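To start, the structure itself, in structure tokens.
Naming: A, B, ... by sequence-line order, numbering from 1 per chain. Keep in mind the model is a prediction, meaning the values are calculated, not measured.
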Amino acid sequence: MPEATTPTATPHLYLVDGSSYIFRAYHRLPPLTNRHGVPAGAVYGYTTMLWKLAGDLSRADGPTHMAVILDASESTHRNVMYDQYKAHRPPPPEDLVPQFPLIRTATRAFSIPCIEEDGLEADDIIACYALAAKAKGWKVTIVSSDKDLMQLIDEDAGIDMLDTMNDRRIGREQVMEKFGVPPEKVGDVLALMGDSVDNVPGVPGIGPKTASQLIQQFGDLETVLASTDQITKPKLKQSLIDHADAARLSRELVRLVCDSPLPEPLEDLALKGIPPEPLRDFLTDQGFKTLLARLESGGSVPTPRSSSGGGFNDVMASLDRKPTVEPAAPDRQEVDRSKYETVIDEAALDRWIANARATGYLALDTETDCIDCQVAKLAGISLAVAPNRACYIPTGHSGADLYSDAPSQLPQDVVLAKLKPLLEDPAILKIGHNFKYDWVMFSRLGIEVAPVDDTMVISFDLDAGRSFGHGLEELAKLHFEHECIPFKQLCGSGAKQITFDKVPLPQATEYAAEDADICLRLWLRMKPRLAQENVARVYERVDKPLVAVIGRMERRGIRVDREYLARLSAEFSKDIAALEEKIYEAACGPFTIGSPQQLGDVLYGRLGLKGGRKGKSGHYSTDVNELERLAAEGVECATLVLDWRQLTKLRSTYTDALQAVINPETGRVHTSFSLTGAQTGRLSSNDPNLQNIPIRTEAGRKIRDAFVADPGHKLLSADYSQIELRLAAHMADVPQLKDAFRNGDDIHSLTAEELFGASDRESRNKAKTVNFAILYGISSWGLAGRLGVPKDEGKAIIDRYFERFPGIRDYIHGTLSFVRQHGYTRTLFGRKTHFEPNIRSPNPSIRGGAERAAINAPIQGTSADLIKRAMARMDGALADAGLSDVKMLLQVHDELVFEVPDGREEAAAEVIKGVMAEAAGPAMQLDVPLDVEVGWGANWGAAH
DNA sequence: ACTCGGTCCTA
DNA sequence: GTAGGACCGAGTC
């Protein structure tokens with residue numbers, strides 16, 4: 001029995017210096033990302049290292065005990081000694097920051113204990129464990145290459161080091177080779193030479209060579225300092241005399257603290273094997289396919305050395321080992337839903353309010369009976385003040401059906417009256433996830449919540465463009481590997497779905513309090529990153545203020561003329577019916593016109609037309625280009641279908657749909673704007689989308705007329721003229737374009753002159769297309785297609801454009817080289833959009849797409865920043881001008897729509913124009929003016 | 001009841 | 001060539 005031999009073997013403790021490892025792995029490995037798009041190069045390096053170490057478990061001299069040691073906090077006893085300690089260390093690279101938490105995840109996945117302790121650096125913890133193990137006669141291997149730790153090497157006592165980066169064992173001999181002194185003298189050498197990274201001062205003028213030589217000659221630091229009279233070099237002598245105190249301080253700074261109590265007893269670090277289960281999940285989740293394949297193949301699953309033949313059962317046998325030691329840092333505590341409280345009496349509510357006041361901030365979340373916050377009724381409110389300290393306050397729960405009683409709960413007005421002073425207190429920060437929803441709910445209940453932080457917006461400002469969304473559940477999984485209770489589990493789905501107010505309080509509490517708890521944890525985790533990753537300004541100054549501004553716009557809604565829409569619907573229906581008859585006649589029989597599949601078969605099959613293109617689905621393409629081609633060839637059926645499509649589109653998407661979304665209480669349509677909907681920083685609009693109301697065609701334009709002002713008011717529309725081209729001229733620094741905008745010249749005519757030496761209508765149209773192509777990330781192929789010319793000619797035009805406007809070429813090259821290097825682009829106001837991993841894809845079409853998007857993102861994003869800045873200031877500027885009854889209703893990317901009392905149009909126009917035109921200042925001075933065109937009328941169509 | 005591709009509306 | 005959302009038919013569960 002091999003087991004019989006195990007107890008007699010000397011225990012061997014491996015202490016892994018995780019903190020120093022990831023810095024080195026980061027700099028040595030390429031900037032990989034995991035399948036979530038989060039940088040994971042260092043994590044991957046770390047994982048392979050653990051894998052290798054785990055493999056040593058089966059070796060005769062391999063580890064029996066193992067722990068990973070991490071740095072817990074910034075401040076240690078060394079800062080007390082010397083306030084400059086590590087003071088000049090630059091912040092970690094921003095694509096390393098998101099990897100820190102993953103290091104713990106990886107360690108946990110291997111079921112290896114992970115130790116960190118406030119106030120102690122990893123080096124000190126390692127020293128404590130090394131000496132404790134030595135005292136028991138154990139062998140110790142320190143897995144690190146940190147020179148400070150070389151002080152601990154003591155081969156006679158069985159302490160050595162292992163540098164996994166180059167797979168090298170470090171013993172006394174290697175230390176002698178490096179420092180010229182034995183391990184016990186390394187501290188003296190380090191004290192003399194200092195360390196610029198940790199800001200250990202050392203003695204000026206003394207580097208590794210001199211330090212080593214002096215210690216070899218005199219034996220230790222104190223003797224060196226006492227023997228300056230024997231030193232012949234005058235500079236060196238003086239420096240040692242002048243900086244003796246600095247040398248003594250340095251000696252203390254590099255001394256390892258080894259007398260702290262062990263955070264975990266040595267015995268608890270026993271490691272018999274690596275259970276495959278959490279490891280498999282981790283490797284899958286990160287997309288580390290090579291390691292996963294090795295795990296699945298079973299051959300190289302790390303196995304314990306005590307096992308007879310290794311293999312699966314032995315691995316599983318180690319499942320009963322003590323769980324991974326996890327530090328109790330605030331956001332790392334496991335979510336424990338049993339700690340949540342249901343608040344149903346006033347004393348408890350008062351206690352929670354006092355908790356929040358004492359903390360200074362709270363996370364909160366509202367539960368309602370409906371996802372539309374404009375009509376929803378409140379079911380309850382959850383609060384969280386610290387991880388696992390969360391509660392749910394039901395106020396609107398009813399029984400599960402008509403025959404059961406409502407549960408005991410506080411009345412809504414009591415709860416709101418008690419919460420209102422807290423929620424409106426400017427000294428208490430309220431944190432929500434997608435807080436706009438809650439803001440509108442509270443606003444409807446007469447509470448103006450402020451100040452607020454929104455973790456969804458924070459996540460967006462940090463990680464826009466990465467491969468994960470910004471929903472609470474998704475972020476909980478990503479940042480904490482925590483699975484939230486699915487809403488479906490509580491309320492079901494589809495026809496059998498119940499509303500939240502019918503959920504029994506125990507389950508409702510677990511779900512609702514968890515949301516607030518997770519929101520608070522996300523805030524603790526992400527808020528510091530805003531400053532570290534240099535996006536605090538765009539969050540604080542642009543996006544955060546928009547939460548309440550947009551909440552107000554959504555609450556106001558816009559008035560829609562229902563009868564007018566109904567008449568339009570009827571009109572369209574009549575025309576559609578007539579077209580259908582004609583189409584069936586032309587097609588020799590009825591079919592589903594709305595089915596592209598059937599339409600393709602009719603055109604190219606039954607009617608036998610030629611030249612059809614098939615897409616990847618194997619069906620004929622029947623898009624507008626194909627139908628227009630056929631129509632131009634005189635195919636009547638194609639013309640009819642085009643008309644049919646336009647009218648059915650208008651009817652289904654607009655005239656019918658808009659009538660259905662008029663809020664019965666307000667008689668208005670309340671869209672929902674998403675702050676995180678567009679990766680470039682634009683807003684998006686849904687339920688209904690009011691950012692795609694038709695304008696280009698005659699029939700479509702009629703729909704704009706359905707958006708009307710309240711009686712006694714006008715709708716006023718203000719839009720930026722050619723804002724993206726202006727920004728391109730500024731950002732790419734193109735003198736001709738900037739001059740043209742300053743002089744108010746026609747920009748497309750100027751481009752036509754430059755490109756073609758003429759500015760007739762055809763040349764101008766071509767130039768206009770080229771200008772847009774630039775904004776969208778040009779390709780000769782795409783431009784040629786748009787212009788209907790051969791690819792060569794497209795390329796020639798682009799070349800001429802770059803020749804005439806070299807700034808544009810430099811902008812494109814500069815943007816691409818930046819995004820390739822950093823993985824993201826930035827707007828003028830600092831907004832980031834990430835493009836990893838696609839910007840590095842080996843697939844040219846994916847990479848090309850990312851490149852075009854990256855060229856466009858700074859321009860589109862800056863435009864979004866500008867109008868957002870204008871919106872954030874608008875209500876205040878109107879109020880200052882005595883125009884607080886002018887209401888901002890809609891934003892359509894470069895346009896703002898207002899409702900203005902009759903007679904105030906001119907005054908409002910002046911203020912609005914001013915705010916929009918000055919939106920860049922004072923932070924930014926643009927080289928081009930921002931022109932704003934304003935119009936007003938009884939309806940939106942007339943306001944243009 | 002859900003997802004996907006095709007289509008088409010906007011800036 | 002950029003950025004979105006909505007509707008429909010058709011295929012899947």
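Regarding Tyr654(A), its OH atom lies at a distance of 13 Å from the P atom of dC8(C), rounded to whole Å. Nucleotide dG9(C) holds its C1' atom 14 Å from the NZ atom of Lys649(A), rounded to whole Å. Residue Asn856(A) contributes atom CG, which lies 8 Å from atom P of dT2(C) at whole-angstrom precision. Distance Ile846(A) CD1 to dT2(C) P: 14 Å, rounded to the nearest Å.
Atom CG of Asn856(A) is separated from atom OG1 of Thr833(A) by 9.5 Å, given to the nearest 0.5 angstrom. Here the straight-line distance linking atom CG of Leu775(A) with atom CG of Leu725(A) works out to 4.5 Å at 0.5 Å rounding.
With sequence neighbours left out, the salt bridge (charged side-chain N to carboxylate O under 4.0 Å, His left out) criterion links Glu473(A) to no other residue. Remark: Arg831(A) pairs with Asp461(A), Asp543(A), Asp865(A) by the salt bridge (charged side-chain N to carboxylate O under 4.0 Å, His left out) rule, at least two apart or across chains. Scanning for salt bridge (charged side-chain N to carboxylate O under 4.0 Å, His left out) contacts around Asp601(A) gives an empty result, with sequence neighbours left out. Shown here are the salt bridge (charged side-chain N to carboxylate O under 4.0 Å, His left out) partners of Asp810(A), two or more places apart in sequence or in another chain: there are none. Judged as a ring pair (Phe, Tyr, Trp, His ring centres under 6.0 Å), and not counting sequence neighbours, the contacts of Phe500(A) are His397(A), Tyr511(A).
Near DNA chain C, meaning a heavy atom under 4.0 Å from it, residues 765-791 of chain A has Thr769(A), Ala773(A), Tyr776(A), Gly777(A), Trp781(A), Arg786(A) in order of number. Contact check of residues 671-695 of chain A against DNA chain B (heavy atom, cut-off under 4.0 Å) returns Arg682(A), Gln691(A), Asn692(A), Ile693(A), Pro694(A), Ile695(A). Within residues 715-734 of chain A, no residue approaches DNA chain B, by heavy-atom distance under 4.0 Å.
A salt bridge is absent between Glu836(A) and Arg466(A): the closest approach of a Lys/Arg side-chain nitrogen to an acidic carboxylate oxygen does not fall below 4.0 angstrom. Here Arg726(A) pairs with Asp931(A) in a salt bridge; the nearest charged N to carboxylate O distance falls below 4.0 Å.
Put simply, the side chain of Thr680(A) never gets that close to the backbone of Ala857(A): no donor and acceptor are under 3.5 Å apart. A donor-acceptor pair is defined here as one N or O able to donate and one able to accept, closer than 3.5 Å; no such pair exists between the side chain of Arg651(A) and the backbone of Thr655(A).
At the heavy-atom level, Thr622(A) lies under 4.0 Å from the strands shown only through sugar-phosphate atoms. Here Ala857(A) lies out of heavy-atom contact (under 4.0 Å) with every strand. Using a 4.0 Å heavy-atom criterion, one finds that Ala495(A) contacts the sugar-phosphate atoms exclusively.
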Scan the side chains in residues 555-562 of chain A for donor-acceptor partners under 3.5 Å anywhere in the protein, sequence neighbours excluded, and list what turns up.
| from | atom 1 | to | atom 2 | distance (Å) |
| --- | --- | --- | --- | --- |
| Arg555(A) | NH1 | Ser443(A) | O | 3.3 |
| Arg555(A) | NH1 | Ser443(A) | OG | 2.9 |
| Arg556(A) | NH1 | Met888(A) | O | 2.8 |
| Asp561(A) | OD1 | Glu563(A) | N | 3.3 |
| Asp561(A) | OD1 | Tyr564(A) | N | 3.1 |
| Arg562(A) | NH1 | Gln659(A) | O | 3.4 |

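Protein chain A contacts DNA chain B from dA1(B) to dA11(B), reading 5' to 3' and using non-hydrogen atoms of the protein with a distance under 4.0 Å.
Using modelled atom types, one finds no donor on one side chain facing an acceptor on the other under 3.5 Å when comparing Thr671(A) with Glu554(A).
Residue pairs meeting the side-chain hydrogen bond (donor to acceptor under 3.5 Å, both in side chains) criterion with at least one partner in residues 766-778 of chain A, sequence neighbours excluded, are His748(A)-Asn771(A), Thr751(A)-Asn771(A), Asn771(A)-Tyr801(A).
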Short heteroatom pairs, N/O only, protein and nucleotides 10-13 of chain C, under 3.5 Å:
| from | atom 1 | to | atom 2 | distance (Å) |
| --- | --- | --- | --- | --- |
| dA10(C) | OP1 | Ser595(A) | OG | 2.8 |
| dA10(C) | OP1 | Gln598(A) | NE2 | 3.0 |

